[in-house]
Amino acid sequence: MLKHRIFFSFLAILLLSVSCKKDSTVLSGEPPVLQVSAIIVNGPILSNNGQVTATDTVDFLIDVNASVGFNSVLIGGSGNTIITKDGAGIIDGTLIVEDLRYRVYTKTEDEDASATFIFVAVDQSGKESDSVRFSFTIVP
């Protein structure tokens, strides 16, 4: 009888450890995939290293595909911003975020200026996407 208890205790511990390992592999999925496009409002789509006029408004359209869930988009460069799941209007459990919009108003004094924006998506397990970088020359 004691042998049976020891055997079943060992079996229960083994099953518990296997189930814990399965849970951790779910959280260790692929890092999120990030796509960003930039368009001048009422104007053309911008490529990286493009040029904008000081009065242009630029929308960055952000798509994220995160296998373990979306957490935030970090935006660095000329300014530092974090768009979180709540700020993006995303509800829990959503894996794909499409056309999250980040709007920039460009300005400069009497001479050319530059602006850089670097985007990184972060999933719920803390994994980061490859960064997407846009650099613009802003002309008066």
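Taking OG of Ser129 as the reference point, atom CD of Gln35 lies at 10.5 Å (rounded to 0.5 Å). To the nearest 0.5 Å, atom NZ of residue Lys127 and atom CG of residue Asn71 are 13.5 Å apart. Taking CZ of Phe119 as the start and CZ of Phe60 as the end, the distance is 4.5 Å to the nearest 0.5 Å. To the nearest 0.5 Å, the span separating OG on Ser125 from CD on Glu30 amounts to 11.0 Å.
The backbone N or O of Thr53 lies less than 3.5 Å from a partner atom in the side chain of Thr106, making a donor-acceptor pair.
For Leu61, the side chain to side chain contact (heavy atoms under 4.5 Å, CB included) partners at least two apart in sequence or on another chain are Ser37, Ile39, Asp99, Arg101. For Asp112, the side chain to side chain contact (heavy atoms under 4.5 Å, CB included) criterion is met by Thr137, Val139, Pro140, not counting sequence neighbours.
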*Run the side-chain contact (heavy atoms from CB on, under 4.5 Å) check on Val122 and Leu74 step by step: do they pass?*
CA-CA 8 Å; Val122 182; Leu74 309 178; 4.0 Å; yes
*Determine, step by step, whether Val73 and Val64 satisfy the side-chain contact (heavy atoms from CB on, under 4.5 Å) criterion, reporting the C-alpha distance in whole Å, the side-chain angles of both residues, the deciding distance to 0.1 Å, and the verdict.*
CA-CA 9 Å; Val73 175; Val64 179; 4.0 Å; yes
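Pairing each heavy atom of Ala54 with each of Ile138, the nearest pair is CA-CG2, 3.7 Å. Annotation for Pro32 and Ala121: closest pair CG-O, 3.6 Å, computed over non-hydrogen atoms.
With a 4.5 Å cut-off on side-chain heavy atoms, Asp59 and Tyr102 do not count as touching. With a 4.5 Å cut-off on side-chain heavy atoms, Thr116 and Phe134 do not count as touching. Using a 4.5 Å heavy-atom cutoff, the side chains of Ile40 and Val52 are in contact. At least one side-chain heavy atom of Val104 sits under 4.5 Å from a side-chain heavy atom of Phe117. Taking 4.5 Å as the limit, some side-chain heavy atom of Leu46 sits within range of a side-chain heavy atom of Val58.
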